[in-house]
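Since the structure comes first, as structure tokens, the remarks are kept for the end.
Letters A, B, ... are given to chains in the order of the sequence lines, protein chains preceding strands, and every chain is numbered from 1.
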There are 2 protein chains.
Amino acid sequence: MAGHGNVVATLKEAGYRLTPQRVMVLQAIAEGGGHQTAEAIHREVVKTYPYLDIATVYRILQLLKRLHLVTEIDLGGDSARYEVAEPNKHHHMVCRVCSRTFDLSTSYLEELRLRLVNEFGFEPDLEHFAIGGQCAECASG
Amino acid sequence: MAGHGNVVATLKEAGYRLTPQRVMVLQAIAEGGGHQTAEAIHREVVKTYPYLDIATVYRILQLLKRLHLVTEIDLGGDSARYEVAEPNKHHHMVCRVCSRTFDLSTSYLEELRLRLVNEFGFEPDLEHFAIGGQCAECASG
DNA sequence: CTAGGTGCAAAGGGTTTGCTACAAC
DNA sequence: GTTGTAGCAAACCCTTTGCACCTAG
């Protein structure tokens with residue numbers, strides 16, 4: 001897998017250490033494909049490194065979230081799920097007043113999508129999505 | 001407040017008892033206005049009836065949810081919030097294959113709205129919302 | 001009367017935190 | 001050598017559950 005160089009670079013630039021645990025967690029998220037729970041990630045890594053603690057997984061996930069390397073999807077009921085962040089994929093919020101557009105990470109709509117699929121079996125088209133509304137500046141001004 | 005008759009009727013029809021606790025919880029939700037947590041509801045009722053247990057609040061909320069009298073909104077991070085269900089207000093899912101439309105409770109988009117407001121200060125226009133996609137039947141058929 | 005509901009207390013599950021030893025740099 | 005991290009265990013928070021008593025119908 002290429003692209004891991006980015007992760008390493010991002011970690012180092014931010015002054016974080018590249019530990020085996022972080023590499024393994026990152027691999028597990030990437031290889032797992034979809035949206036995985038912290039527990040699933042832990043279960044996967046433990047196969048090859050039995051000492052990894054679930055608390056460490058949570059700390060790493062927080063870190064990766066903060067660095068925008070992974071995205072958290074949390075529907076409330078069960079545990080949160082994590083996926084590799086795809087920086088290019090996003091939707092838009094369009095202000096009806098000033099017409100400016102703001103990026104909106106796919107994860108926001110991913111939560112909605114997951115619920116529609118799970119609860120209704122309805123697979124929404126969310127490819128080119130834009131939400132109209134009023135931005136913070138125009139609302140306060 | 002009129003409309004409480006509906007609630008009483010719904011409870012009785014379903015074979016449930018009308019207890020003071022249920023009335024008080026329902027009142028607290030209605031009067032609280034927005035989306036309240038179980039703890040906030042409990043805090044409110046306890047002012048006039050100090051014996052109400054938080055577990056009872058949760059049990060009543062589950063019941064009201066099951067009867068579609070209140071709606072649960074759960075963003076994952078903090079505790080779930082509850083609001084009176086407004087049966088008339090809903091959005092639509094439109095199947096791109098069969099063109100049928102399916103009702104979508106406002107609570108689904110309410111979660112999205114809350115996140116956009118909280119995290120970006122962006123107030124989305126979600127009045128007449130329709131989501132395109134493919135329904136369960138057309139996806140399996 | 002009698003099923004269903006409440007209060008109390010304790011358990012549960014996911015997530016976070018304090019601390020000491022350890023490893024990346 | 002420093003300082004951030006991992007492992008461990010315990011705490012945390014919200015929510016659920018078991019059980020004996022009580023109350024709405």
Any side-chain N or O of B:Thr37 below 4.0 angstrom from OP1/OP2 of D:dC14?
no
Residue pair B:Ser79/A:Tyr49 against DNA chain D: nearer the 5' end by closest nucleotide is A:Tyr49
From CD of A:Glu13 across to C1' of D:dG4 the rounded distance in Å is 18 Å
ask   = Can any side-chain N or O of B:Gln21 pair as donor or acceptor with the backbone N or O of B:Val25 at less than 3.5 Å?
value = no
Taken to the nearest whole Å, NE2/A:His42 to P/C:dG13 is 17 Å
Please determine whether any donor N or O and acceptor N or O are separated by less than 3.5 Å between the side chain of B:Arg17 and the base of C:dG4. yes
Taken to the nearest whole Å, CD1/A:Ile41 to P/C:dG14 is 14 Å
B:Arg43 atom CZ is separated from D:dC14 atom P, nearest whole Å, by 11 Å
Check your understanding: With a non-hydrogen cut-off below 4.0 angstrom, is A:Leu52 in contact with a base, only sugar-phosphate, or nothing?
Key -> sugar-phosphate
Besides B:Val97, the hydrophobic cluster formed by Ile, Leu, Val, Met, Phe, Trp and Tyr side chains linked at under 4.5 Å, directly or via other members, contains none
Comparing B:Tyr82 with A:Tyr16, nearest DNA chain D nucleotide closer to 5' gives the residue A:Tyr16
- Does D:dC8 have OP1 or OP2 sitting under 4.0 Å from an N or O in the side chain of A:Tyr58? no
Separation of C:dG14 atom C1' from A:Glu72 atom CD, nearest Å, is 12 Å
| query | Would you say a side-chain N or O of A:Gln21 is under 4.0 Å from OP1 or OP2 of D:dG7? | reply | yes
Residues at least two apart in sequence or cross-chain that pass side chain to side chain donor-acceptor pair (under 3.5 Å) with A:Arg100, listed by chain then number, are A:Glu137
Between CG of B:Leu11 and C1' of C:dA3 the distance, given in whole Å, is 16 Å
note: A:Glu39, atom CD; C:dT16, atom P; distance rounded to Å ~ 15 Å
- Task: Please answer whether the main-chain N or O of B:Ile29 pairs with a side-chain N or O of B:Gln36 as donor and acceptor at a distance below 3.5 Å.
- Result: yes
Residues A:Ser99 and A:Val94: closest non-hydrogen pair is O-CG1, 4.4 Å
Steps toward side chain to side chain contact (heavy atoms under 4.5 Å, CB included) verdict (A:Met24, A:Glu44) | CA-CA 9 Å; A:Met24 291 187 289; A:Glu44 185 59 32; over 6 Å; no
Worksheet item: Which part of the nucleic acid, if any, lies within contact of B:Leu18, taking any heavy atom under 4.0 Å across all strands shown: a base, the sugar-phosphate backbone alone, or nothing?
Response: sugar-phosphate
Check your understanding: Do the side-chain N or O atoms of B:Thr19 get closer than 4.0 angstrom to the phosphate oxygens (OP1, OP2) of C:dT6?
Key -> yes
Please list, pair by pair, any protein nitrogen or oxygen found under 3.5 Å from a nitrogen or oxygen in nucleotides 17-21 of chain D.
| residue | atom | partner | partner atom | Å |
| --- | --- | --- | --- | --- |
| D:dG18 | O6 | B:Arg59 | NH1 | 3.2 |

Whole-Å distance, A:Tyr51 OH to D:dA9 P, equals 13 Å
Within the side chain of A:Gln27, is there an N or O that forms a donor-acceptor pair under 3.5 Å with the backbone of A:Glu31?
no
Does this structure show an ion pair linking A:Asp125 with B:Arg96, if we count only N-O contacts that are shorter than 4.0 Å?
yes
- request: For A:Pro20, report the nucleic acid contact type (base, sugar-phosphate, nothing); a contact means any heavy atom under 4.0 Å.
  value: sugar-phosphate
